[in-house]
Amino acid sequence: MKKAGKSLAVVIISICAFAWPGGSGDWRADFTVNKKDLSATGTNPYFVLTPGFRLYYEKGKDALTTTVLNETKLIDGVETRAVEDREIKNGQLVELTHDYYAIDSNTKDVYYFGEDVDVYKNGKIVGHEGGWLSGVNGAKFGMMMPGTIQVGQKFYQEQAPGVGMDRAEVVAAADTVTTPGGTFKNCVHMKETSAIEKGGGEHKWYAPGIGLIKDPEFLLTKVDGK
């Protein structure tokens, strides 16, 4: 990769791979983007950042609502869009998260800049486990969703040492998935794993024009704001 000249230094963000045991392998951990091309509003074929867009999920009595807020936050020199996740278990709020994203207006790549997390118990905030922001304590943004999907793509979504090092691999790009919210074709199937946590990973499916429709915990039931 060529080094940016001084005239471009103020508009280029470049992050380098972290050195973790075993190396990064084929996982993409380096992202170079032009700040001028990043926006807090836009639409990736599989990830929507339009304020007011809302997705509802359920699993038994548990529920999750994801809402693209009319709020932005400046993180690591980039204006990002806030997306709220509100998780309910047994009728009680257990977690309220604001995730922060920006989209490249040219490539439609969506980047993940971190999250503010409030963990609840009996109606009170008891912690902020999992929170991180790009540019703070060595954390760097990752890619949430490529603008152009290719089977076999492997990339880091989170790069927050000691907090979250989630990564995703595109397993398939033409799955058909049925949830209570409908039947969706040409879905992207991703397997997510972690560089710092043990386990076999999680499988998630994203539908065109909607986003996440199925993961190990929740199934999409309704879409608002399309």
Side-chain angles (χ1 to χ4, degrees), residues 18 20 40 47-49 51-76 80-102 110-145 156-168 179-181 190-206 210-225:
F18 288 104
W20 42 74
F47 205 93
V48 179
L49 288 179
F53 187 75
R54 181 172 293 160
L55 301 174
Y56 299 86
Y57 306 88
E58 291 183 3
K59 180 183 179 182
K61 295 182 179 180
D62 299 338
L64 174 69
T65 303
T66 298
T67 306
V68 181
L69 301 178
N70 191 26
E71 298 177 12
T72 62
K73 183 170 184 173
L74 188 66
I75 302 174
D76 210 0
T80 65
R81 175 65 53 188
V83 178
E84 180 187 88
D85 288 342
R86 182 180 293 267
E87 185 175 354
I88 305 293
K89 287 189 176 181
N90 298 317
Q92 297 288 323
L93 177 65
V94 294
E95 187 170 294
L96 183 65
T97 301
H98 283 182
D99 296 309
Y100 302 104
Y101 304 97
V110 175
Y111 295 101
Y112 185 30
F113 278 77
E115 57 184 312
D116 288 322
V117 181
D118 290 333
V119 179
Y120 284 80
K121 184 176 182 179
N122 298 323
K124 297 181 178 180
I125 296 175
V126 294
H128 306 283
E129 183 179 358
W132 67 277
L133 296 175
S134 183
V136 178
N137 295 327
K140 301 292 183 180
F141 67 90
M143 179 178 286
M144 189 64 195
M145 182 67 68
Y156 274 86
Q157 296 174 313
E158 295 182 324
Q159 301 195 90
V163 180
M165 296 294 293
D166 290 354
R167 55 197 182 182
T179 77
M190 289 191 183
K191 181 181 179 180
E192 293 186 3
T193 55
S194 172
I196 58 176
E197 297 178 9
K198 296 181 179 180
E202 298 182 344
H203 292 265
K204 297 182 178 182
W205 284 262
Y206 297 79
I210 296 175
L212 182 66
I213 59 170
K214 179 181 179 180
D215 69 12
E217 289 191 75
F218 293 101
L219 296 174
L220 181 74
T221 60
K222 182 181 176 182
V223 180
D224 277 345

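On a predicted model such as this, the values are computed, not experimentally measured, just so you know. Count residues from 1 along the sequence. Reckoned from all heavy atoms, side chains included, excluding hydrogens, waters and symmetry mates.
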As an exercise, state the distance from [atom1] of [X] to [atom2] of [Y], rounded to the nearest 0.5 Å.
| X | Y | atom1 | atom2 | answer |
| --- | --- | --- | --- | --- |
| Glu202 | Glu192 | CD | CD | 6.5 Å |
| Thr65 | Ile88 | OG1 | CD1 | 7.5 Å |
| Trp205 | Ile210 | CH2 | CD1 | 16.0 Å |
| Lys222 | Asp224 | NZ | CG | 4.5 Å |
| Leu55 | Thr67 | CG | OG1 | 8.0 Å |

Indicate yes or no for a side-chain donor-acceptor contact from [X] to the backbone of [Y] under 3.5 Å, with no hydrogens or angles considered.
| X | Y | answer |
| --- | --- | --- |
| Gln159 | Phe141 | yes |
| Thr80 | Ala102 | no |
| Asp62 | Asn90 | yes |
| Ser194 | Ile196 | yes |
| Tyr57 | Asp215 | no |
| Thr221 | Pro180 | no |
| Thr97 | Asp99 | no |
| Thr179 | Leu220 | yes |
| Arg81 | Ala40 | yes |

Problem set entry | Worked verdict on Lys73 versus Phe113 for side-chain contact (heavy atoms from CB on, under 4.5 Å) | CA-CA 10 Å; Lys73 183 170 184 173; Phe113 278 77; over 6 Å; no
Problem set entry | From CA spacing to verdict: side-chain contact (heavy atoms from CB on, under 4.5 Å), Tyr120, Val94 | CA-CA 5 Å; Tyr120 284 80; Val94 294; 5.5 Å; no
Measure across [X] and [Y] and return the closest heavy-atom pair with its distance rounded to 0.1 Å.
| X | Y | result |
| --- | --- | --- |
| His203 | Pro216 | O-CD, 3.4 Å |
| Arg167 | Tyr156 | NH1-OH, 3.2 Å |
| Glu115 | Val117 | OE1-CG2, 3.5 Å |
| Glu158 | Trp132 | OE2-NE1, 3.2 Å |
| Ala160 | Met165 | N-SD, 3.4 Å |
| Glu95 | Leu93 | O-CD1, 3.6 Å |

Seminar exercise, completed: Partner of Tyr100 under side-chain hydrogen bond (donor to acceptor under 3.5 Å, both in side chains), picked from Thr72, Asp116, Asp76, is Asp116
Sub-4.5 Å side-chain heavy-atom contact between [X] and [Y]:
| X | Y | value |
| --- | --- | --- |
| Leu69 | Arg54 | no |
| Thr66 | Val83 | yes |
| Met143 | Val110 | no |
| Glu71 | His98 | yes |

For this session: List the steps, then state whether side-chain contact (heavy atoms from CB on, under 4.5 Å) holds for Phe218 with Leu212.
Result: CA-CA 10 Å; Phe218 293 101; Leu212 182 66; over 6 Å; no
For this session: Look at the rings of Tyr101 and Tyr112 and say which category their plane angle falls in: under 30° parallel, 30 to 60° tilted, over 60° perpendicular.
Result: parallel
Exercise. Hey, mind stepping through Glu84 and Arg86 against salt bridge (charged side-chain N to carboxylate O under 4.0 Å, His left out) and telling me if it holds?
Worked result: CA-CA 6 Å; Glu84 180 187 88; Arg86 182 180 293 267; 3.6 Å; yes
For this session: Step by step, work out the side-chain contact (heavy atoms from CB on, under 4.5 Å) result for Asp85 and Glu87.
Result: CA-CA 6 Å; Asp85 288 342; Glu87 185 175 354; over 6 Å; no
